[in-house]
K.L.:
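Have a look at this one.
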Amino acid sequence: MKLADKFKYLREVEGSLRGLNRAMTQRELQRAIEAETGGGISQSYLSQIESGARPHLTNTTRLLLARFFKVHPGYLVDDPEGYHAELLSDARALEDKLDLWLIGGAERFRRDPKLCRALLTLARHAESRNCLLLLESILETPSLAERLLHLLRPEVQARQPLDTAPLKAGKTSDAPPSKSARRKKSK
């Protein structure tokens, strides 16, 4: 996060903490800093910080703003490229991307409430990647998907066995054919 963004955020938080239900204006901030810390900083200087025209602060200004906002002075600098405040492993980042993709799919299929709910349920699951890998295993096991569907969702009538259902037109699969499909080819 850039210093300018942090500064905007701090103005918003400070306004909320003071019961304004909005961000403090730069003028209000300038007056509050002067009244509460005894230090002076011009509104134009605050504007330069927030616009990004002044990406680096003098040590005196950084200490003054840190004291006013009650943050560590080290917070008032640009974060290094690629820095994330939260600790994320690569696996967690991939899981988050997958969840966002599933949520996007749910939004695209919102006219199909059952499919939308299924995608959202999968996205909310702590192990959505593993759930999809499990689904792949279920679909690759002959007639298991059909049996599970009959057992867990008896109201759904399968039109054809799910493990031999052809791919939609134009779609290809990198996966090898299922065992039942291989058996049918060999007959």
Side-chain angles (χ1 to χ4, degrees), residues 1-138 152-153:
M1 182 183 276
K2 298 287 185 193
L3 172 62
D5 298 322
K6 291 178 182 183
F7 187 75
K8 289 175 199 169
Y9 172 75
L10 290 170
R11 274 198 317 114
E12 289 175 18
V13 169
E14 195 64 30
S16 178
L17 289 173
R18 292 172 183 256
L20 300 175
N21 295 325
R22 61 174 171 77
M24 289 181 78
T25 65
Q26 291 173 357
R27 177 69 66 201
E28 290 170 331
L29 187 62
Q30 182 249 333
R31 289 181 182 143
I33 290 170
E34 194 172 301
E36 295 173 26
T37 66
I41 190 166
S42 70
Q43 187 268 326
S44 62
Y45 190 86
L46 296 175
S47 178
Q48 290 173 2
I49 295 169
E50 191 164 328
S51 70
R54 187 175 290 274
H56 305 288
L57 302 175
T58 65
N59 194 45
T60 305
T61 302
R62 181 177 294 106
L63 292 173
L64 175 70
L65 291 173
R67 191 169 73 232
F68 176 78
F69 286 121
K70 297 174 181 55
V71 296
H72 189 278
Y75 178 74
L76 297 171
V77 296
D78 287 352
D79 291 333
E81 195 67 34
Y83 172 80
H84 296 285
E86 66 282 349
L87 297 175
L88 287 180
S89 68
D90 289 341
R92 185 68 241 166
L94 290 174
E95 187 89 19
D96 289 344
K97 285 180 185 178
L98 176 60
D99 292 343
L100 290 173
W101 179 76
L102 290 166
I103 291 167
E107 290 172 4
R108 281 188 290 283
F109 292 103
R110 65 181 169 270
R111 289 198 173 113
D112 183 341
K114 289 181 179 179
L115 180 58
C116 180
R117 187 176 62 245
L119 290 170
L120 289 174
T121 300
L122 184 55
R124 282 192 295 261
H125 194 280
E127 298 288 332
S128 51
R129 179 180 178 278
N130 286 337
C131 290
L132 284 173
L133 296 175
L134 174 63
L135 179 60
E136 177 191 25
S137 297
I138 290 170
L152 300 173
R153 302 277 174 133

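This is a predicted model, so every value here is computed, not measured.
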K.L.:
Report the distance from atom CG of Leu122 to atom CD of Glu127, rounding to the nearest 0.5 Å.
P.N.:
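CD of Glu127 is found 11.5 Å from CG of Leu122.
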
K.L.:
For the side-chain hydrogen bond (donor to acceptor under 3.5 Å, both in side chains) test, which of Glu28, Gln30, Arg31, Gln26 pairs with Gln43?
P.N.:
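Between Gln43 and the candidates, side-chain hydrogen bond (donor to acceptor under 3.5 Å, both in side chains) is satisfied uniquely by Gln26.
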
K.L.:
Just verifying a value: how many Å separate Leu102 CG and Arg129 CZ, rounded to the nearest 0.5 Å?
P.N.:
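Rounded to the nearest 0.5 Å, the CG-CZ separation comes to 13.0 Å.
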
K.L.:
Return yes when atom NZ of Lys2 has more than 12 non-hydrogen atoms of other residues, nucleotides or ligands closer than 6.0 Å, and no otherwise.
P.N.:
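Counting neighbours around NZ of Lys2, 12 or fewer heavy atoms of other residues, nucleotides or ligands fall under 6.0 Å, so no.
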
K.L.:
Could you check Leu120 against Cys116 for side-chain contact (heavy atoms from CB on, under 4.5 Å), going step by step and ending with a plain yes or no?
P.N.:
CA-CA 6 Å; Leu120 289 174; Cys116 180; 4.1 Å; yes

K.L.:
Apply salt bridge (Lys or Arg N to Asp or Glu O under 4.0 Å) to Arg27 and Glu34, showing your working.
P.N.:
CA-CA 11 Å; Arg27 177 69 66 201; Glu34 194 172 301; over 6 Å; no

K.L.:
Which distance, rounded to the nearest 0.5 Å, do you find between the CD1 of Ile41 and the CZ of Phe68?
P.N.:
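Between Ile41 CD1 and Phe68 CZ, I get 10.5 Å after rounding to 0.5 Å.
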
K.L.:
Can you tell me how far apart CG (Leu65) and CG (Leu10) are? Round to the nearest 0.5 Å.
P.N.:
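Output value for this atom pair is 8.5 Å.
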
K.L.:
Do you know which two heavy atoms are closest between Ile103 and Ala123, and how far apart they sit?
P.N.:
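The answer is CG1-CB, 3.8 Å.
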
K.L.:
With a 4.0 Å cut-off, would you call Arg11 and Glu50 a salt bridge?
P.N.:
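Salt bridge: yes.
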
K.L.:
Does a salt bridge link Lys8 with Glu12, judged by any charged N lying under 4.0 Å from a carboxylate O?
P.N.:
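No, Lys8 and Glu12 are not salt-bridged.
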
K.L.:
Evaluate whether atom CZ of Phe109 has more than 12 neighbouring non-hydrogen atoms of other residues, nucleotides or ligands under 6.0 angstrom away.
P.N.:
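12 or below, so no.
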
K.L.:
Specify the closest pair of heavy atoms between Leu64 and Gly39, including all atoms of both residues, with the distance to one decimal.
P.N.:
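Shortest heavy-atom contact: CD1-CA, 3.9 Å.
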
K.L.:
I need the minimum non-hydrogen distance between Ala4 and Gly52, along with the two atoms involved.
P.N.:
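Shortest heavy-atom contact: CB-N, 4.0 Å.
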
K.L.:
Between Lys6 (side chain only) and Tyr75 (backbone N and O only), is there a donor and an acceptor less than 3.5 Å apart?
P.N.:
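Here the side-chain-to-backbone pair exists.
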
K.L.:
Leu3 vs Leu76, test: side-chain contact (heavy atoms from CB on, under 4.5 Å). Steps then yes/no.
P.N.:
CA-CA 6 Å; Leu3 172 62; Leu76 297 171; 4.1 Å; yes

K.L.:
Please lay out, stage by stage, how Phe7 and Leu46 fare under the test side-chain contact (heavy atoms from CB on, under 4.5 Å).
P.N.:
CA-CA 9 Å; Phe7 187 75; Leu46 296 175; 3.5 Å; yes

K.L.:
Supply the atom-to-atom distance Ser42 OG to Gln48 CD, rounded to the nearest 0.5 angstrom.
P.N.:
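So the gap between those two atoms works out to 7.0 Å.
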
K.L.:
Answer yes or no: does atom CZ of Arg62 have more than 12 heavy-atom neighbours from other residues, nucleotides or ligands under 6.0 Å?
P.N.:
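Check passes, neighbour count above 12.
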
K.L.:
Is the number of heavy atoms from other residues, nucleotides or ligands under 6.0 Å of Arg110 CZ greater than 12?
P.N.:
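Check fails, neighbour count at 12 or below.
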
K.L.:
Should Ser16 and Asn21 be marked as a side-chain contact (heavy atoms from CB on, under 4.5 Å) after you check the CA-CA gap, both sets of side-chain angles, and the distance that decides it?
P.N.:
CA-CA 5 Å; Ser16 178; Asn21 295 325; 5.6 Å; no

K.L.:
How about Arg111: does its CZ atom have over 12 heavy atoms from other parts shown lying under 6.0 Å from it?
P.N.:
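Count not over threshold, so no.
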
K.L.:
Hey, is the main chain of Arg124 close enough, under 3.5 Å, to the side chain of Ser128 for a donor-acceptor pair?
P.N.:
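Looks like no, no N/O pair under 3.5 Å.
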
K.L.:
Regarding Thr58 and Thr61, is there a side-chain donor-to-acceptor distance under 3.5 Å anywhere?
P.N.:
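Indeed, the side chains of Thr58 and Thr61 share at least one donor-acceptor pair under 3.5 Å.
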
K.L.:
Any non-hydrogen side-chain atom of Leu57 less than 4.5 Å from a side-chain atom of Val77?
P.N.:
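A side-chain contact under 4.5 Å is absent here.
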
